**Q** 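Submitted below is the structure of interest, expressed as structure tokens.
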Amino acid sequence: MQNLIIASAMTLAMASSPGALHSDPVLVRSVLDGDTIDVAGVGRVRLLGIDAPELAHSHDTAAPFAYEAREKLIELVLHRWVRLEGDLERVDAYNRHLAYVVREDGLFVNAALLREGLARVTARVPLTRLGELRRAEADAQSSRRGMWGQAAPVHPPSYTRRRKSTL
């Protein structure tokens with residue numbers, strides 16, 4: 001069913017590689033983490049070719065730069081119109097759609113997160129825009145931005161408090 005939804009939301013267009021899909025403009029309803037968004041008419045979309053640090057789940061601690069990656073993605077796309085560009089790999093193991101995300105002003109969001117040092121390149125299969133993604137990551141590394149140079153940010157403790165030792 002979800003594949004039918006994405007097929008209706010995305011239309012074939014001329015692209016740099018055969019078989020690539022481009023969507024009509026779609027609205028980003030929410031940002032779930034540093035590399036996953038919820039898009040009207042499509043559902044959950046994982047940004048293709050990148051991996052942002054993981055947020056805390058249950059009792060785990062968030063990875064360094066996880067909150068910064070999510071905040072940057074919110075700043076870039078929340079409540080904005082974007083275009084989704086598909087590649088050879090269309091759905092991940094969690095049934096999320098995989099896509100490059102491009103804002104209406106032409107900003108390639110996947111590369112923008114890499115350039116800030118808030119994600120790293122990950123590719124399990126050859127990707128059309130892999131070279132562009134690797135250049136963006138190399139730019140962040142050489143400039144020592146985000147995870148490539150700064151000390152990890154210290155976030156305030158969660159709702160739990162440490163008790164004073166009675167020893």
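Remember, it's a predicted structure, so these values are computed and weren't measured experimentally.
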**Q** Could you give me the CA-CA distance, side-chain angles and deciding distance for Leu98 and Asp87, then say whether side-chain contact (heavy atoms from CB on, under 4.5 Å) is met?
**A** CA-CA 8 Å; Leu98 298 171; Asp87 208 324; over 6 Å; no
**Q** Within 45 degrees of the ring normal and closer than 6.0 Å to the centroid, is that where the cationic atom of Arg129 sits relative to Phe108?
**A**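 Yes, Arg129 sits over the ring of Phe108.
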**Q** Which heavy atom of Met147 sits nearest to which heavy atom of Phe65, and what is that distance?
**A**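 Shortest heavy-atom separation between Met147 and Phe65 comes out as CA-CE1, 3.6 Å.
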**Q** Quick one: CG on Leu84 to OH on Tyr100, what's the gap to the nearest 0.5 Å?
**A** 13.0 Å
**Q** Measure the spacing between CG of Leu78 and CD of Glu71 and express it to the nearest 0.5 Å.
**A**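 Leu78 CG to Glu71 CD: 10.0 Å, rounded to 0.5 Å.
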**Q** Examine Leu27 and Val45 and state if one hydrophobic cluster contains both, with Ile, Leu, Val, Met, Phe, Trp and Tyr joined whenever side-chain heavy atoms are less than 4.5 Å apart.
**A**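 No, no single cluster joins them.
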**Q** According to a 4.5 Å side-chain heavy-atom criterion applied to Ile, Leu, Val, Met, Phe, Trp and Tyr, with indirect links allowed, do Leu32 and Val77 form part of one hydrophobic cluster?
**A**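 Different hydrophobic clusters.
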**Q** Kindly give the heavy-atom pair with the smallest separation between Arg83 and Pro25, and that separation in Å.
**A**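 Smallest heavy-atom distance, with atoms named: NH1-CD, 3.4 Å.
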**Q** So which atom in Pro53 and which in Ala66 form the shortest heavy-atom distance, rounded to 0.1 Å?
**A** O-CB, 3.5 Å
**Q** Could you measure the distance from the CZ atom of Arg120 to the CG atom of Leu133? Nearest 0.5 Å is fine.
**A** 14.0 Å
**Q** To the nearest 0.5 Å, what is the distance between CG on Leu47 and CG on Leu76?
**A**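 Separation between the atoms: 9.5 Å.
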**Q** Using every non-hydrogen atom in the two residues, find where Ile37 and Val39 come nearest and quote the distance to one decimal.
**A**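 Closest approach of Ile37 to Val39: CD1-CG2, 3.7 Å.
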**Q** Less than 4.0 angstrom from a charged side-chain N to a carboxylate O is my criterion; do Arg96 and Asp38 meet it?
**A** no
**Q** Could you please spell out the steps behind the side-chain contact (heavy atoms from CB on, under 4.5 Å) verdict for Arg145 and Asp139?
**A** CA-CA 9 Å; Arg145 284 193 292 271; Asp139 181 45; 2.6 Å; yes
**Q** Is Val125 linked to Val121 within one hydrophobic cluster, defined over Ile, Leu, Val, Met, Phe, Trp and Tyr using a side-chain heavy-atom separation of less than 4.5 Å?
**A** yes
**Q** What pair of heavy atoms forms the shortest contact from Glu116 to Lys72, and how long is it?
**A** CG-CE, 4.0 Å
**Q** Would you kindly confirm whether Val42 and Trp81 end up in one hydrophobic cluster when ILVMFWY residues are joined by side chain heavy atoms under 4.5 Å apart?
**A**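 The answer is no; the residues belong to distinct hydrophobic clusters.
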**Q** Are His97 and Leu48 close enough, and set up right, to give a side-chain contact (heavy atoms from CB on, under 4.5 Å), and what steps lead you there?
**A** CA-CA 9 Å; His97 303 288; Leu48 184 58; over 6 Å; no
**Q** Check whether more than 12 heavy atoms from other residues, nucleotides or ligands sit under 6.0 Å from atom CZ of Arg103, and answer yes or no.
**A** yes
**Q** Taking all atoms of both residues into account, what is the closest heavy-atom pair of Ala69 and Leu118, and its distance?
**A**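 So the two residues come closest at CB-O, 3.5 Å.
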**Q** Calculate, to the nearest 0.5 Å, the distance between atoms CG and CG belonging to Asp35 and Leu73 respectively.
**A**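 Interatomic distance, Asp35 CG to Leu73 CG, rounded to 0.5 Å: 8.0 Å.
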**Q** Side-chain contact, heavy-atom cut-off 4.5 Å: Arg46 with Asp51?
**A** yes
**Q** Rounded to the nearest 0.5 Å, how far does CZ of Arg44 lie from CZ of Arg29?
**A** 10.5 Å
**Q** Say whether, by atom type as modelled, one donor and one acceptor occur between the side chain of Asn110 and the main chain of Val101 under 3.5 angstrom.
**A** yes
**Q** Flag yes if more than 12 heavy atoms outside Arg134 fall under 6.0 Å of its CZ atom; otherwise flag no.
**A** no
